[in-house]
Amino acid sequence: MSYSKRTLNYPLARKSEQVDDYHGNLIADPYRWLEDPDSEETKAWIEAENQITFAYLGEISVREKIQQRLTKLWDYEKYGIPFKEGENYFYFKNDGLQNQSVLYTLKSLDGEPRVLLDPNKLSDDGTVALSGLAISDNGKLLAYGLSTSGSDWQEWKVLDIETGENLSDHLNWIKFSGASWTSDNQGFFYSRYDEPNVATKLEDVNYYQKLYYHRLGTPQSEDILIYQRLDQKEWGFNGGVTEDGRYLIISVWLGTDSRNLVFYKDLTQPDAEVVELISQFEANYNFIDHDETVFYFRTDLDAPRGRVIAIDIVKPDKEAWREIIPQAEATLEGVSVLNNQLIGDYLQDAHSQIKIFDLNGTFIREVELPGLGSVSGFDGKRYDTETFYSFTSFTTPGTIYRYNLITGKNELFRQPKVDFNPEDYETKQVFYAGKDGTQVPMFITHKKGIELNGNNPTYLYAYGGFNISLTPTFSVSNLVWMEMGGVYVMANLRGGGEYGEEWHQAGMKDKKQNVFDDFIAAAEWLIANNYTKPAKLAIAGGSNGGLLVGACITQRPDLFGAALPAVGVMDMLRFHKFTIGWAWTAEYGSSENPEEFPALYAYSPLHNLKPGTAYPATLITTADHDDRVVPAHSFKFAAALQAAHNGNAPVLIRIETKAGHGAGKPTAKIIEEAADKWAFLVRTLDVEV
């Protein structure tokens, strides 16, 4: 399929004379003006780009058919995992095509459910989302956070669960925080920032988070400041009350660094000070529960794949710490306490395993799962004898099971009905060698019986960063791709958390190139093993995965037929100057550090585009309200890519309005974006549908 460059007249983006000096290196930034999303010039550019993009997508005749199939398949009941507080059960449910899932409550699991909170009624277009909730211990009050147009900023309110009426409480300027009730049900802890400049709140840097206590019925101005550190502008605080209500556990975070500190406050003593239990950023400590003065933690201290330790706060010296569950071959992702036992959530080669231990760390049994997939759930109270979990895989929609912790019996609780036959598809996991010989796992899913003739349209997806693990999960969107004969591939690159902290560190800072090498090696393996060829291969990723795609098309433009970078971090020299971007310097390094600058500059997608190069067909996606990875990254990259590109393939940017980084995006917008994505690939990869 051929497209002459003349058919797409990209908007002329003005080039300014902006030049910055980085440690003696003079580096031009001609599209700096696109960092202001509200300037008239930027708005005109956005409108012109969207006109070209949507006109191009609108010409693809199969697009409507794809959207209809996505809509039909999406229209099935989706249940969340039920949970209990006080005498009430709660769960989320989406009837199928609702923009936002609805929160229900009921007295018993076989009782009549009642709508507690329907976010769809909070806006006409579904762009107000429920972004956090905390239910009081007696199950009578719901504190909930709302996010508008995908913003990270939240406002919190309180609902009377019995009457369904909102109380007078209304809290603002909350970001990166949950809420945790005191056991007297009179109020909750939460973290907030000072009120920002309203005009620039989507770009301004976020510093000095503070931990507060809000007492019901009082204005936010009277909230009690529990903890702040005016000497540490980058510290953030997560305050959680222990199940018995005795302690407030404060996890202190520093950006996206997985290492944290742990402080606590005895809530039984009115004037108790905050005690610094773990005061060095040396490892990750995740509080599990406590017995009197003995605190249990999941940690990666001296155990990159995770273990469980006990610390007696009466004798907090490290020499007195006890190991409860030692590190295993699999990665210990999390631990909960149910039936007075420790439930370990493990990853073995990027799929879930659940193991049960007693409180001394003695292994009891492994939970029998339905197959190779991903598990979430196993939540509840310490002495609960039953719990719920959800199981999903590439061909299994999220299915909920009820698990008896005494007998070990699984019982199917909710099974969604999706209009496809999972038996028509197969998944296999392969291990391929990265550039340096490291074995990297990769899942490949497709219709049974496809021919390995090097001609299959293939969608290669990855993330590779921030200690985040990619595990098998069901997606209607990916199913539609596979129905059209496409191959779906997910690679578990270094930088993720699949094999613990060592795997993560092998893909961060000056080792970030390993991540791109792993992704390129995945593409080369798929080609060498006759799944596909460059002209039929698309790569995709979002956020840090958008950076991954951007870096790989600048390093190997010949290897891919299409690229779909979503909400990507594209300017590695200036990412730390916006909203929460400073927090990622723990992962990437900073251009302000002369030792870290060279590695960032070497792979920064924006700075490695070469004029006169034929780049793959590219559809950049972002949103005008993204205040996590500000849209300037995608704007500047799109302008620079269009200017450098010298091929026939289209290079487009799709800018969503009234949406953010992805969380809380309405179903209608998700389906539209998926239809555009697949239509773009059908046309650019020449897929026969």
Side-chain angles (χ1 to χ4, degrees), residues 79-84 91 243 284 286-289 296-300 303-310 323-416 427 429 441 443 467-474 492 496-501 503:
Y79 283 89
I81 301 167
F83 55 100
K84 189 179 185 186
Y91 67 91
E243 187 181 315
N284 174 263
N286 199 334
F287 179 81
I288 301 167
D289 203 349
Y296 298 101
F297 292 93
R298 181 264 175 214
T299 184
D300 57 15
R305 292 186 303 282
R307 61 181 177 138
V308 176
I309 61 169
E323 181 171 84
I324 305 296
I325 301 175
Q327 175 174 261
E329 184 193 333
T331 304
L332 180 59
E333 294 263 284
V335 182
S336 54
V337 180
L338 297 164
N339 192 35
N340 214 29
Q341 296 170 328
L342 296 165
I343 316 295
D345 177 5
Y346 286 90
L347 270 191
Q348 177 69 50
D349 293 328
H351 57 82
S352 292
Q353 284 182 338
I354 305 293
K355 295 180 179 178
I356 300 178
F357 305 84
D358 69 18
L359 293 179
N360 295 314
T362 303
F363 175 72
I364 297 173
R365 66 170 168 269
E366 186 171 334
V367 176
E368 205 173 308
L369 298 176
L372 293 189
S374 308
V375 163
S376 57
F378 286 96
D379 297 318
K381 299 284 192 264
R382 178 157 186 166
Y383 294 99
D384 286 354
T385 56
E386 72 165 18
T387 187
F388 296 86
Y389 69 91
S390 175
F391 175 85
T392 182
S393 73
F394 295 112
T395 54
T396 309
T399 303
I400 298 172
Y401 291 85
R402 190 176 191 167
Y403 184 73
N404 187 312
L405 289 147
I406 296 171
T407 64
K409 184 171 172 252
N410 271 312
E411 182 189 322
L412 186 64
F413 184 69
R414 292 273 186 270
Q415 185 166 29
T427 296
Q429 187 179 35
F443 292 98
N467 202 25
I468 289 171
S469 304
L470 293 188
T471 60
T473 187
F474 180 76
N492 299 103
E498 289 87 352
Y499 293 103
E501 187 56 25
W503 190 253

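Numbers here are sequence positions counted from 1. What you see below is based on every heavy atom in this structure, not just the backbone, and it leaves out hydrogens, waters and symmetry mates.
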Treating T399 as the side-chain partner and P397 as the backbone partner, does any N or O pair qualify as donor plus acceptor under 3.5 Å?
yes
Y499 versus P441: any side-chain heavy-atom pair under 4.5 Å?
yes
Could you report the tightest heavy-atom contact between N404 and R365, atom names first, then the distance?
O-NH2, 4.1 Å
Which residues pass the ring pair (Phe, Tyr, Trp, His ring centres under 6.0 Å) test with Y389, not counting sequence neighbours?
F378, Y401
Under a 3.5 Å distance rule, please check whether Q327 uses its side chain to pair with a backbone N or O of R305 as donor and acceptor.
yes
Between OG1 of T299 and CZ of R307, what distance do you get to the nearest 0.5 Å?
6.5 Å
From CD1 (I81) to OH (Y91), nearest 0.5 Å:
14.5 Å
When L359 is tested against each of D289, N340, V308, I324 for side-chain contact (heavy atoms from CB on, under 4.5 Å), which residue passes?
N340
Looking only at heavy atoms, the pair that brings G380 and E243 closest together is O-OE1, 4.5 Å
With L405, the side-chain contact (heavy atoms from CB on, under 4.5 Å) member among I343, I364, V367:
I343
Let me confirm one number: the CG-CZ distance from L470 to F443, rounded to the nearest 0.5 Å.
9.5 Å
Could you grab the distance from atom CZ of F363 to atom CG of L342, nearest 0.5 Å is fine?
13.0 Å
Would you name the heavy atoms of N467 and G497 that are closest together and state the gap between them?
OD1-CA, 3.2 Å
Closest non-hydrogen contact found for A330 with Q348 is CB-OE1, 3.4 Å
Is there any side chain to side chain donor-acceptor pair (under 3.5 Å) pair reaching into residues 370-380, and which pairs are they, with sequence neighbours excluded?
S374-T471
Taking every non-hydrogen atom, the tightest pair across E366 and Q353
OE2-CG, 3.8 Å
Please report the interatomic distance CD1(I325) to CG(N360), rounded to the nearest 0.5 Å.
10.5 Å
By the salt bridge (charged side-chain N to carboxylate O under 4.0 Å, His left out) test, which pairs, at least two apart or in different chains, include something from residues 339-361?
none
Do the side chains of P82 and I400 get nearer than 4.5 Å, heavy atoms only?
yes
Salt bridge (charged side-chain N to carboxylate O under 4.0 Å, His left out) contacts in which one or both residues fall within residues 386-411, not counting sequence neighbours:
E386-R402
About how many Å separate OH of Y346 and CD of E329, when rounded to the nearest 0.5 Å?
12.0 Å
Within a strict 4.5 Å, meaning less than it, do heavy atoms of the T392 and P472 side chains meet?
no
By ring pair (Phe, Tyr, Trp, His ring centres under 6.0 Å), F474 pairs with (sequence neighbours left out) F420
Sequence neighbours left out, what passes salt bridge (charged side-chain N to carboxylate O under 4.0 Å, His left out) with R414? Give chain and number order.
none
Check against side chain to side chain contact (heavy atoms under 4.5 Å, CB included), I288 and R298:
CA-CA 7 Å; I288 301 167; R298 181 264 175 214; 4.2 Å; yes
Give the minimum heavy-atom separation between W503 and N492, together with the two atoms involved.
CZ2-O, 3.4 Å
Please step through side chain to side chain contact (heavy atoms under 4.5 Å, CB included) for the pair N286 and V335, ending with a clear verdict.
CA-CA 9 Å; N286 199 334; V335 182; over 6 Å; no
